[in-house]
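Report on the following structure.
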Amino acid sequence: MEERHLTESEEDYLESVLMITKEKGVCHSVDIVNHLQHRKSSVSVALSKLEEKGYLRKEGRDIILSDTGMKAAMHVYERHLFFKNALMELGIDENQAEEEACAIEHDISDDTFRRIQARVQELRGEQ
């Protein structure tokens, strides 16, 4: 079951909320501004749209992922970590691997990702 109704940008916002919350325990819009290096006004608009779609909610200054938002964020984050680690195993510098994983995570289907993931795990002897 593949749900691709989020834009790449929306996925980045959800992933950022997840990563910041994991790191700091709480996420505020200023954290997203700094993390994504976007203007505060752009972040505000994007967060409002994600809130309207039910992916997150704001409680005071705190930004909290809904169950749907958490599921979507984890989906993107899983891909991101997988590709970053795989690229680093190939000898790619961590900064470059981070940047390229961010691009790859959005551009392949779930089926392709699962097949690549299964093959890499097979090659690593993880199955």
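Start at 1 with the first residue, then count along the sequence.
By the 30° and 60° cut-offs, the orientation of the rings of H38 relative to Y13 is tilted.
A distance of 10.5 Å separates CD1 in I104 from NE2 in H80, rounded to the nearest 0.5 Å. With values rounded to the nearest 0.5 angstrom, K22 atom NZ is found 5.5 Å from Y77 atom OH. The distance from atom CG of N34 to atom CD1 of I20, rounded to the nearest 0.5 Å, is 8.0 Å. Interatomic distance, L50 CG to R57 CZ, rounded to the nearest 0.5 Å: 14.5 Å. Once rounded to the nearest 0.5 Å, the distance linking CG of L18 with CG of L56 reads 12.0 Å.
Side-chain atoms of D12 and E8, non-hydrogen and from C-beta on, do get closer than 4.5 Å to each other. A heavy-atom distance below 4.5 Å is found between the side chains of I32 and L47. Looking at heavy atoms from C-beta onward, M19 lies in side-chain contact with E15 at the 4.5 angstrom threshold. The shortest distance between side-chain heavy atoms of K53 and E10 falls below 4.5 Å.
Checked for salt-bridge contact, R79 and D107 miss the test: no charged N lies under 4.0 Å from a carboxylate O. With respect to the salt-bridge test (charged N to carboxylate O, under 4.0 angstrom), the residues D111 and R115 qualify. At a threshold of 4.0 Å, the pair K49-E52 does not count as salt-bridged, since none of the basic side-chain nitrogens sits closer than that to a carboxylate oxygen.
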Next item on the list: Verify side-chain hydrogen bond (donor to acceptor under 3.5 Å, both in side chains) between Q117 and R114, making sure each step is shown before the conclusion.
Entry: CA-CA 5 Å; Q117 185 181 45; R114 294 290 171 221; 2.8 Å; yes
Notebook entry, point to check: So K71 and D67, side chain to side chain contact (heavy atoms under 4.5 Å, CB included) or not? Walk me through it.
Noted result: CA-CA 6 Å; K71 182 179 175 185; D67 290 343; over 6 Å; no
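Here the closest heavy-atom approach between residue L87 and residue A101 is recorded as CD1-N, 4.0 Å. What you find for A72 and L14 is that their closest heavy atoms are CB-CD1, 3.9 Å. The two residues C27 and T21 come nearest to each other via the heavy atoms CB-OG1, 3.5 Å. Nearest heavy atoms, I92 versus A97: CG2-N, 3.6 Å. For the pair V76 and H106, the tightest heavy-atom approach, listed with the atom from each and the gap, is CG1-CE1, 4.2 Å.
A continuous path of hydrophobic side-chain contacts links I108 to V120 [ILVMFWY only; heavy atoms under 4.5 Å]. Y55 and M74 fall within a single hydrophobic cluster, where Ile, Leu, Val, Met, Phe, Trp and Tyr side chains are chained together by heavy-atom contacts under 4.5 Å.
Around atom NZ of K40, no more than 12 heavy atoms belonging to other residues, nucleotides or ligands sit under 6.0 Å away. Atom CG of D93 sits in a crowded spot, with more than 12 heavy atoms from other residues, nucleotides or ligands closer than 6.0 Å.
Applying the salt bridge (charged side-chain N to carboxylate O under 4.0 Å, His left out) test between K84 and each of E100, E98, E99 identifies E98 as the sole match.
Under a 3.5 Å cut-off, the side chain of D31 and the backbone N or O of H28 do form a donor-acceptor pair. Proximity of a side-chain donor or acceptor of S66 to a complementary backbone N or O of G54 within less than 3.5 Å is detected.
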